[in-house]
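Structure, as structure tokens:
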2 protein chains.
Amino acid sequence: MGRPPRTSRTEIMAAARRLIDRDGWETLTIRRLAAEAGIASTTLYHHVRDKDDLLSQLLDDYAEQMPRPDMPADPRERIITAATVIRETLAAWPWVVEVLIQDNQTGRAALWMVEKLLDGAIECGCTPEQAVDLYRSIWYYTAGEILIRAGRVHRRAENDHPARRDALLRAADATELPHLAALAERWATLTSRDTYSLGLRNLVDGYLRNLPDQGEPDRA
Amino acid sequence: MGRPPRTSRTEIMAAARRLIDRDGWETLTIRRLAAEAGIASTTLYHHVRDKDDLLSQLLDDYAEQMPRPDMPADPRERIITAATVIRETLAAWPWVVEVLIQDNQTGRAALWMVEKLLDGAIECGCTPEQAVDLYRSIWYYTAGEILIRAGRVHRRAENDHPARRDALLRAADATELPHLAALAERWATLTSRDTYSLGLRNLVDGYLRNLPDQGEPDRA
DNA sequence: GCTACTTTTCGAACATGTTCCTAAAGTCGC
DNA sequence: GCGACTTTAGGAACATGTTCGAAAAGTAGC
């Protein structure tokens with residue numbers, strides 16, 4: 001009972017996607033979204049806790065329609081694949097940043113990939129506890145990579161504002177920081193390469209090799 | 001020439017620290033900071049590009065006074081130590097989150113730790129390029145851990161708002177997600193443990209063992 | 001049909017980060 | 001000393017996320 005709703009969560013999500021597709025996600029504001037949905041701004045807050053919650057739900061809706069790739073037979077490769085798919089999926093939406101830092105647990109829609117990851121880890125010889133540890137490490141690594149990469153893009157071009165220190169590395173003292181100074185020229189190039197899968201593989205390898213009990217399940 | 005400044009960057013930083021120490025960092029707002037410094041809000045923007053820049057400078061100032069621990073002799077342990085110190089230092093201030101995602105490059109004050117890390121990596125047999133790769137992987141992992149951990153704390157207690165999905169894992173379908181379902185009870189416990197150094201060690205080990213040229217410098 | 005009761009909707013208002021424009025307060029050339 | 005010039009200071013105003021309280025719009029009991 002009570003007054004019947006004139007607005008549904010689904011309508012709101014649809015309006016949000018329309019707005020994002022049309023004008024870009026940066027222009028997605030509560031008031032604009034309300035206008036697009038034909039309701040008052042404050043009405044939104046009956047269907048959504050706050051803006052982070054809105055983005056979180058939006059991400060879930062998107063992720064739901066994501067194609068689920070078939071997994072390789074090798075369990076270690078399954079771990080790699082699952083992590084890579086998570087990363088690729090999240091990196092496609094810049095506003096994922098706002099969600100990730102608030103909604104730390106991976107959303108409902110990504111659970112099946114966590115499952116695949118745990119499954120691969122266990123088949124590689126992990127105990128369930130170790131599998132969770134490996135998952136968490138991978139998630140930290142992945143979330144950090146996404147956030148930092150998104151930050152780099154999202155960052156406005158550094159304007160010459162007062163009290164702004166840039167050319168951070170060029171000022172590197174050659175006697176105090178010899179390696180950094182030596183790398184200063186190439187730093188931008190080196191740090192803009194995509195080394196996600198390299199790091200991921202090394203992380204997974206390090207984990208699986210350091211298991212207390214057994215080593216690798218497939219003899220190399 | 002020009003009108004002489006009545007306000008200095010140093011005063012602003014001092015006022016900010018006073019405010020944070022007294023009332024907590026959540027109450028650090030531009031207007032309150034201006035009031036504490038005895039100036040108008042808009043005057044702040046002559047010394048600071050925006051709030052993120054303010055926090056970033058604040059972090060640098062803090063980090064500058066951070067004690068620099070002496071490094072162990074073993075190069076691999078130096079890597080671990082440097083990373084751990086970075087993590088510990090950053091994790092001490094909750095507002096670090098806002099800075100990290102914007103100011104992706106580690107600040108000026110943390111450069112010496114990056115240097116130590118590169119140094120350890122190179123002494124472990126890395127080329128400079130590989131050392132940078134290792135650094136970046138560690139940085140992703142560390143940043144992700146900090147952000148997610150801070151997010152968990154920073155998160156307001158989940159109130160029972162409509163359209164809020166919680167008990168994420170308890171709803172795990174036992175047939176679709178067997179491992180997650182099996183772990184559901186213990187999930188909260190397992191994911192609240194501090195596994196940073198475990199993951200860090202495995203990551204570093206994986207990297208150093210996978211170097212194309214040589215293996216481990218110190219024979220185990 | 002009328003009266004509780006419940007839920008949704010929304011206008012007003014607030015705090016915050018930020019920008020724009022104008023006024024103040026000096027220095028420099030003379 | 002005086003007018004250009006330059007830099008800082010600050011008031012007014014705007015967009016945004018969000019809260020509060022009251023009005024609207026139904027349902028259930030009688």
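Worth knowing before you read on, the calculation uses all heavy atoms, side chains too, and leaves out hydrogens, waters and symmetry mates. Residue numbering restarts at 1 for every chain, and letters A, B, ... go by the order of the sequence lines. Treat the numbers as computed from the prediction; the structure is a model and nothing was measured.
In summary, B/Asp23 and B/Arg18 do not engage in a salt bridge, as defined by a charged side-chain N under 4.0 Å from a carboxylate O. Contact check on B/Arg136 versus A/Glu145 returns no salt bridge, with no Lys/Arg side-chain nitrogen under 4.0 Å from an Asp/Glu carboxylate oxygen.
When each of D/dT19, D/dG11, C/dT18 is scored by its nearest atom to the side-chain atoms of A/Thr42, the top-ranked nucleotide is D/dT19. Nearest nucleotide to the B/Asp50 side chain, out of C/dA13, D/dG26, C/dT18: C/dT18. In the set C/dC10, D/dG10, D/dT19, the nucleotide with an atom closest to the side chain of A/Ala40 is C/dC10.
Contacts of A/Thr7 with the nucleic acid, taken as non-hydrogen atoms under 4.0 Å apart, involve only primed sugar atoms and P, OP1 or OP2. Within the nucleic acid shown, A/Arg6 comes within 4.0 Å of sugar-phosphate atoms alone, with no base atom in reach, counting heavy atoms only.
Regarding B/Leu54, its CG atom lies at a distance of 15 Å from the P atom of C/dT16, rounded to whole Å. Rounded to a whole Å, the CZ atom of A/Arg31 is 11 Å from the C1' atom of C/dA12. Spacing between atom CZ of A/Arg49 and atom P of D/dG17 amounts to 16 Å, rounded to whole angstrom units. Atom-to-atom, CD1 of B/Ile30 to P of C/dT16 comes out at 10 Å; the value is rounded to the nearest Å. Between A/Ile39 atom CD1 and C/dT8 atom C1' the separation is 11 Å, expressed in whole Å.
With DNA chain C read from its 5' end, the first of the two nearest nucleotides for A/Thr43 and B/Thr29 is the one closest to A/Thr43.
You won't find any donor-acceptor pair under 3.5 Å spanning the side chain of B/Arg3 and the base of D/dT7, going by distance alone.
With sequence neighbours left out, B/Asp133 forms a side chain to side chain donor-acceptor pair (under 3.5 Å) with A/Arg193. A search for salt bridge (charged side-chain N to carboxylate O under 4.0 Å, His left out) contacts involving A/Glu176 returns nothing, not counting sequence neighbours.
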